[in-house]
S.K.: 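Pasting in a structure now, in structure tokens, and then I'll have a few things to ask.
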Amino acid sequence: MSDTQGGAPVADGPGPGGEGTARPVLVINAGSSSLKYQLVLADSGRSLATGLVERIGLEDGRATHTVDGEKHVLEQDIPDHTAAFEVLTAQFRDHGPDLQEAAPVAIGHRVVHGGAKFASTVLIDEEVLKTLRRLVPLAPLHNPGNIAGIEVALETFPDLPQVAVFDTAFHQTMPPAAYTYAIPLSWRQTFNIRSYGFHGTSHAYVSRRTAALLGKPLEDTNLVVLHLGNGSSACAVRGGQSVDTSMGLSPLGGLVMGTRPGDLDPGLPAHMSRVSGMTLPEFDHALNKESGLKALAGSSDFREVMELRASGDADAQLAFDVVVHRLVRHLGALALVLGRLDAVAFTAGIGENSPPLRAAVLERAALLGIQLDEQANADARGETRISTSDSAVAAFVVPTNEEWEIALEATKLLATT
Ligand code: AMP
């Protein structure tokens, strides 16, 4: 049984079955200056090791590797991604598990942007890599790091199948009415400008779990998933398929985030250029790194903003109110897009850990037929129903597990090739 408190009991744990003798998948999330990894069993989701190599290419590289709850820290220069993978293999060699004995069946790479080219997980070959390089302009902050990780992983583990799992793929089921921007045709045709959506692995995992918690087949379930972390997005999921989402072409749009503003008036860049002489790169930097909670409350960390708010800080209170208002607006819009709503699921760092945020959103969602169970919300740990038993539409906290989803995607693909 899953960890459930308050509310209605939930269905059995997330896994499709026991661990059997299955081999793990090595899940890699490579950024421009960091490499996150996890050795995970696809059938149970059990993590055999997790690690993070940080400050790649900067001074004072740092690596942590956690096995059986024990954390091993290494501090050394990590000039590039090749060095980062050397650290990864050294950590496994020195602290286990032995990658020969617990040999991964595949490597699953998280890739942020797959454009309209990739609607599902793919086996990586030279052709796929070429396409990924062509897609860099769509995600200049994220895809180059993802690609660097893939290139070095192919050299480091030449005998293992390697797959790319895209944040955007889950949203490729959106209909044209949802993904089309009302902008000149030549922009759309020549530069593939449209809404793509992100956090797809999380939205996919959480919608499957939420349907299971509701006790309904995924195919008959309509959900809004609120992935609220450093980056945040809302997704309308009908029958297991994304039909609309708050992020668009880039991960800047939609909800208010740690350092990103979410939706803005499209007139803003030209206006700022006129009144302040700001250049586009400066504008881009400000929207990616200096906006959102950081701009409103002085910290991009929601927990810190909540502490400031509790101490009576007016900026933090406004930041909270803006975040909630934007969430309510998107939740209402996505519910109407779905036409019928069965449940809302909260996930990621803020969604899983902030009862006040969940309460503030759901108290304003009574129109949708959601009745908050205040005690269940306050006590929620792990998968928890936080709506009352007679609530017409249910609400849940569902911890996301993107690494497990990537491992599942990798093994699913291998089984069909
Ligand atoms: P993620 O990107 O999913 O790791 O989420 C990171 C965000 O979750 C940060 O803004 C954290 O401050 C926030 N967060 C983590 N734990 C808590 C908590 N207990 N209460 C409020 N926010 C939290």
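For ligands, and for the atoms within them, numbers begin at 1 and follow the listed sequence.
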S.K.: Tabulation required: pairs of a nitrogen or oxygen in ligand 1 and a protein nitrogen or oxygen under 3.5 Å; columns are atom names and distance to 0.1 Å; otherwise 'none'.
M.R.:
| residue | atom | partner | partner atom | Å |
| --- | --- | --- | --- | --- |
| ligand 1 | 2 (O) | N230 | N | 2.8 |
| ligand 1 | 3 (O) | G349 | N | 2.9 |
| ligand 1 | 8 (O) | I350 | N | 3.4 |
| ligand 1 | 10 (O) | F302 | N | 2.9 |
| ligand 1 | 12 (O) | D301 | OD1 | 2.5 |
| ligand 1 | 12 (O) | F302 | N | 3.2 |
| ligand 1 | 12 (O) | R303 | N | 2.9 |
| ligand 1 | 20 (N) | N353 | O | 3.4 |

S.K.: I'd like to know whether the aromatic ring centres of F198 and H113 sit less than 6.0 Å apart in this structure.
M.R.: yes

S.K.: Among N146, T121, L132, which residue meets the side chain to side chain contact (heavy atoms under 4.5 Å, CB included) test with F166?
M.R.: L132

S.K.: Going by distance alone, is a donor N or O of one side chain under 3.5 Å from an acceptor N or O of the other, for T201 and E405?
M.R.: no

S.K.: Would Y179 and H171 count as a close aromatic pair, with their ring centres under 6.0 Å?
M.R.: no

S.K.: Around atom CG of D94, are there more than 12 heavy atoms from other residues, nucleotides or ligands closer than 6.0 Å?
M.R.: yes

S.K.: Looking only at atom types and distance, does a side-chain atom of S34 sit under 3.5 Å from a main-chain N or O of V53, one as donor and one as acceptor?
M.R.: no

